[in-house]
> 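Structure provided below as structure tokens; questions to follow.
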Amino acid sequence: MATLNMVQAVNLALREEMERDDRVLILGEDVGQDGGVFRVTEGLLDRFGKGRVVDTPLAESAIVGTAIGLSLYGLRPVVEIQFLGFIYAAFDQIFAHAARYRNRSRGRYTCPLVIRAPYGSGIKAPELHEESSEAFFCHMPGIKVVVPSGPHAAKGLLLSAIRDPDPVLFLEPTRLYRLIREEVPEGEYTIPIGKARVARQGDDVTVIAWGSMLERVMKALEPFNAEIIDLLTLSPFDSETVLGSVEKTGRVLIVHEAPRTCGFGAELAATIAEEAMLSLRAPVLRVAGPDVPVPLARLVDYYLPDAARITAAVEELLRY
Amino acid sequence: MATLNMVQAVNLALREEMERDDRVLILGEDVGQDGGVFRVTEGLLDRFGKGRVVDTPLAESAIVGTAIGLSLYGLRPVVEIQFLGFIYAAFDQIFAHAARYRNRSRGRYTCPLVIRAPYGSGIKAPELHEESSEAFFCHMPGIKVVVPSGPHAAKGLLLSAIRDPDPVLFLEPTRLYRLIREEVPEGEYTIPIGKARVARQGDDVTVIAWGSMLERVMKALEPFNAEIIDLLTLSPFDSETVLGSVEKTGRVLIVHEAPRTCGFGAELAATIAEEAMLSLRAPVLRVAGPDVPVPLARLVDYYLPDAARITAAVEELLRY
Amino acid sequence: MPTTILETFSVSRLDILNPEGDCDEELLPPLSKEEIVRLYELLVLSRAFDERALSLQREGRIGTYPSIRGQEAAQVGSAYALQPADWIFPSFRETGVHLTMGYPLASLFQYWAGDERGLVCPEGLNILPVSVSVGTHLLHAVGAAMGARYRNESIVMAAYFGDGATSKGDFHEAFNFAGVYRLPVVFICQNNQWAISVPRGRQTAAQTLAQKALAYGFDGIQVDGNDVFAVYRATRDAVDRARGGGGPTFIECFTYRMSHHTTSDDADRYRSREEVEEWKSKDPILRLERFMEKRGLAGEAARREIGQRTRTAIDEAVRAAERMPPPERRDLYRSVYAECTPRLAQAMEGGGNGDA
Amino acid sequence: MPTTILETFSVSRLDILNPEGDCDEELLPPLSKEEIVRLYELLVLSRAFDERALSLQREGRIGTYPSIRGQEAAQVGSAYALQPADWIFPSFRETGVHLTMGYPLASLFQYWAGDERGLVCPEGLNILPVSVSVGTHLLHAVGAAMGARYRNESIVMAAYFGDGATSKGDFHEAFNFAGVYRLPVVFICQNNQWAISVPRGRQTAAQTLAQKALAYGFDGIQVDGNDVFAVYRATRDAVDRARGGGGPTFIECFTYRMSHHTTSDDADRYRSREEVEEWKSKDPILRLERFMEKRGLAGEAARREIGQRTRTAIDEAVRAAERMPPPERRDLYRSVYAECTPRLAQAMEGGGNGDA
Ligand SMILES: Cc1ncc(C[n+]2csc(CCOP(=O)(O)OP(=O)(O)O)c2C)c(N)n1
Ligand SMILES: Cc1ncc(C[n+]2csc(CCOP(=O)(O)OP(=O)(O)O)c2C)c(N)n1
Ligand SMILES: [Mg+2]
Ligand SMILES: [Mg+2]
């Protein structure tokens, strides 16, 4: 079995799925000849040709809107938004259309499409290249949101996303792209959308994270007896796994890099406060990015949740 | 003192502020000759002329983007997005630009602009005319979000919004436009952004609402000893008032018409679970729209939170 | 400044049938008598449907409704040039297109009464749900066209929109993509001179809308949108070109919105009655009637019969629509995803802490 | 199809100084010798800055950097036609514009090293922060132009962008608004033939970018973007027109991105070396040098002195930038709003349950 990083794992998933299903097409800026700015689509143009790996003009709304049309027509487009920070121009297409065609037509027309986007901070890139705005898309009925935390999850989840009958936003944490290598099987395996993974079992505190924060949390909390949940799907999220763990530990920390206010941590905390209140022995804490735009390189270390903040929060929880 | 409905109150605020400050301009679709589709800008074109009340082409991104340029130049544009459901095309301009110019330029350039948008359900209008997507904008550092619940608040808050040095989204609940009349003083009064209003004092339970839900909550809960908080500003919200009340009552219900998942209620619940956990005697409940696109007229009564659901939730809380 | 001229362009206009019912024989498309009478019947049906919808709205039996009065030829003429297998991406003011393609009348009434089920397009037709968000659906036509091309299916996409839509960014992006990939799309703009209260001249400083195609490397043409022959001919040519691999075309149908924007609007606030009067004389149905009279097609008796048939169909459709059982509470949740999320399933069962 | 021609249009191109350094005397704009030498110095400074930035990036002293090599004339020539009071809305590849307007060199290095404070434009100039999001800032120029018009201030807005930006919806909406309101904006596109790996021919099917202005009812012109005189002249004319109330102009500077897209890119993956070689012979600086030689302007000694001055200025700027104290943690919070929200204030003080 090959040891791959996340770029390679996503590339493998795309290649295999395109071989298996000729309805799968790729569209995006620089995804063809260039193989994508992170090289995620490298080699696919050569293998599948221009009809299936389509370099587009520079227009995010059009990339998503065209994918909607392709999917209405019965194809399964996988589009790349070069960085999540450029998806906002496609917000209308995603929310007013991709999310609603099924409902609007009572199932007659559907949008089985995937939007892949590199996201997250910590790569010292220019403005808008390090956004973590996943929460917006979790407030969109009709859309699913998936965030792998490593190469193995990336491949299995991407296959599920492409096969999903509904639109899926698939967020790839850029900081992890080449940071982690894992064994990634060739061929068929899927990881179901909507299921979280208990990344480490533990008893004293439940820590919930996703994407690049998972790696931070795992490292930072080695000395603790913490149950660490890798959420994997944010929408619809796996409340069963979350609530089960909270009932066991009675203490919860949520870690995300997006700004705190109205980040996805808010929904997790609210769900816990609504459905597991009686199990709680301590406040539900969030370690999150502050309510500021992601800063440029020289301030970014103050922005991203780090081991010190994560440990401090867990220690605080354990004092209850 | 005149008794006005919300349309008239907003109109009065605009007129007075345009008289007071010649930096204030209005832009939007049909805001001029037609006076706006809800007549909120009626009479302003005649009074202030085409240079200050500008009918625009049909392009929401341009309306907001142009307002950004006007505000960078030192003016104080107040733009109307005809319905909140059409703001998504301007999402990029709002989030990538209006919200960030101050931060990006370390204060050298700023965007003191107001985006007014009719919003909310219950007017039997076509698709996308009844959205309640306020939560998106509360996850945008750099933006403020204000929601009046009646004519008096509308005028006072709009004056504050126009004078605010930062971009403000000002959401006008369409269901209330002509439903409620209140005494609205002519001339100068402002209601500060960032402060909630205790709409009714009470002891047993804290109920938080805003916009058109406030009216529903007030009516539904007459028989209860509930403290009802009219949030007024969602971002930055008045956590002091909220937490103070929760400490007193120990029970919280949040009511909003937006879909439950990642609605603004999530942030309120999360904040309470984080900062007032020890005062809580019951789970933090949300009565919200379900996770579906706002339906058309024939299903809408099933969508919007109503008196039955609000009362049932309060009764549930009181059982703890 | 003396400089090199790199390119020259022109934009033209097609007129065939004038308001008096006279036509340019050379330009007249090859339509049989039956087809011409059929076109007439579709125009009449469109107008009658519209009138009924307006009166149902006044009676509170349907919701807000956008009249198509004056635009019947633009809609019928263009849709008539399409094949049943072609896909249509309408905005919200294309009732005449629906009717021409054979969309069930009852479904249309049902939809305007606020019931999503009216948008379920019958099998065998592909008319996408109306796009309320102006201009945003053009991209879907482009994507579907890319799909047809990829699958080697000779299906053409027709995207309908108004003059106001030409200002939207998505209009631009859709035209640009269609040009770059030379896709089989026909962009059909009903320039009815108004976008609610904003007149065409303040929507863009371009002399015509048709010339906007020049920015994307394909052809645009203006046609008399009240002339069903001109609209039909221009569309048929564009459809043929698209089907033959010749890429997209932009057709500006120069027409007029005779009524208010919708039943919620009051057009007297912003436009003159004289302007409306002037356009009355250009009525698309009247001129076809005159043409038929001159040619001895569909005399009074035939026309009466058409009127009768139309009314019967509409009456039946209204009855059918109003007989349909209302949607159920569970319909609120059912179609958001292929399978309900746990939270939706819980809400559907009435659970979820006060969820509906 | 025989139809009426409604309008004809053309799009032209301006060339003044050719690669050999010969120029069309009639078209040569009225520039003094000093001004010509100044233009030359600005070109040299731009290139030298660029080279230094590239080497600083290689040494890890600044972050990702987009080279302007090859585009110096398009930037210097256009900016030179502006007044200091005019406002500039740059994209991220306009270093030559900044330098021409007198933006502090040290600030530029500071910005590219990842410090927002480098974007604080000094008083007396109005160069807006670079827009990383392609094409979205054109609307801000339009809005500011509306502001200038409203205030009766004769200030012109210059908006800079690339060929890729012409595909964005905001490009369209900005051009349309500028046309409708006839605003004092000059839209300056550096068509450097590439948007990362996408060549101009696949960005749009239009023969030229300049012709896109036709869709909005104003003029577009293509100029040789490697010809500082042509760029200057076209911009000056456009600026004069804008200032005189004549509305917007679109200038397509036909140039070439000689380097990779940015320091993170590898252009060899997608374009041929021959293409790059071919453009080398069209170098904008070389041809001005040849021109000056022929005219006896700025001989070798003068040029050496210019080189020297330039290097000194750059050295000093790098030193100054690197001497600046790093931003503080509190800078993260300070500028989000005029006044910190309670939550931001708490975070700034290190509170807030584990906030930074
Ligand atoms: C994106 C968007 N913005 C605003 C509206 C509100 N609105 C509905 S129709 C309309 C005018 C449309 O004009 P046009 O495109 O000419 O079509 P017409 O109504 O004339 O058929 C407006 C502004 C909308 N539906 N969508
Ligand atoms: C909206 C947006 N999408 C994608 C990107 C990523 N990106 C940065 S530059 C670029 C190409 C820009 O091409 P062009 O407009 O020709 O400018 P150039 O880089 O050639 O100066 C892309 C795709 C971006 N910055 N903004
Ligand atoms: Mg119109
Ligand atoms: Mg370029």
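We name chains A, B, ... by the order of the sequence lines, and we start the count at 1 in each one.
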> Could you tell me whether D/R334 and D/D331 make a salt bridge, using a distance below 4.0 angstrom between a side-chain N and a carboxylate O?
yes
> Assert yes or no for the condition that the ring centre distance of B/F95 to B/H139 is strictly below 6.0 Å.
no
> Sort D/V130 into side chain, backbone, both or neither according to what part of it lies under 4.5 angstrom from a heavy atom of chain B.
backbone
> Below 4.5 Å from any heavy atom of chain B, which atoms of D/R149 appear? Answer side chain, backbone, both or neither.
neither
> Which atoms of D/L183 come close to chain B, meaning under 4.5 Å heavy atom to heavy atom: side chain ones, backbone ones, both, or neither?
neither
> Tell me, side chain or backbone of B/L25 under 4.5 Å from chain D's heavy atoms, or both, or neither?
side chain
> By a 4.5 Å heavy-atom criterion (distance strictly below it), what part of B/A59 contacts chain D: side chain, backbone, both, or neither?
both
> Which region of B/P165, side chain (C-beta onward) or backbone (N, CA, C, O), has a non-hydrogen atom less than 4.5 Å from a non-hydrogen atom of chain D, or is it both or neither?
side chain
> Is chain B contacted by the side chain of D/V180, its backbone, both, or neither, given a heavy-atom distance below 4.5 Å?
side chain
> Rounded to the nearest 0.5 Å, how far apart are CG of B/L113 and OH of B/Y101?
12.0 Å
> Relative to chain B, which segment of D/L138 carries a heavy atom at a distance below 4.5 Å: side chain, backbone, both, or neither?
neither
> Taking the side chain as every heavy atom from C-beta outward, state whether B/F264 and B/L231 have any atom pair closer than 4.5 Å.
yes
> Tell me, side chain or backbone of D/A338 under 4.5 Å from chain B's heavy atoms, or both, or neither?
both
> Give the C-alpha distance, both sets of side-chain angles, the deciding distance and a yes or no for salt bridge (charged side-chain N to carboxylate O under 4.0 Å, His left out) between D/R343 and B/E274.
CA-CA 13 Å; D/R343 198 165 265 190; B/E274 205 156 19; 5.5 Å; no
> Among B/D238, B/T56, B/T66, single out the residue with the greatest number of heavy-atom pairs under 4.5 Å to chain D.
B/T66
> For D/Y150, is it the side chain, the backbone, both, or neither that has a heavy atom closer than 4.5 Å to a heavy atom of chain B?
side chain
> Determine, using ring centers only, whether D/F171 and D/F187 are less than 6.0 Å apart.
no
> Counting heavy-atom pairs closer than 4.5 Å to chain D, which one of B/P236, B/G142, B/G51 comes out on top?
B/G142
> Does any heavy atom of chain B fall under 4.5 Å from the side chain of D/A148, the backbone, both, or neither of them?
both
> Between D/Y160 and D/F89, is the ring centroid distance below 6.0 Å?
no
> With heavy-atom distances below 4.5 Å as the criterion, would you say the side chains of D/Q346 and D/E349 are in contact?
no
> Non-hydrogen atoms of chain D under 4.5 Å away: do they reach the side chain of B/S235, the backbone, both or neither?
side chain
> Side chain, backbone, both or neither: which part of B/D22 has an atom under 4.5 Å from a heavy atom of chain D?
both
> Given ring pair (Phe, Tyr, Trp, His ring centres under 6.0 Å), test D/F175 with D/F250 step by step and report yes or no.
CA-CA 9 Å; D/F175 271 52; D/F250 177 29; 5.0 Å; yes
> Is any side-chain N of the basic residue among B/R47 and B/E19 closer than 4.0 Å to the acidic one's carboxylate O?
yes
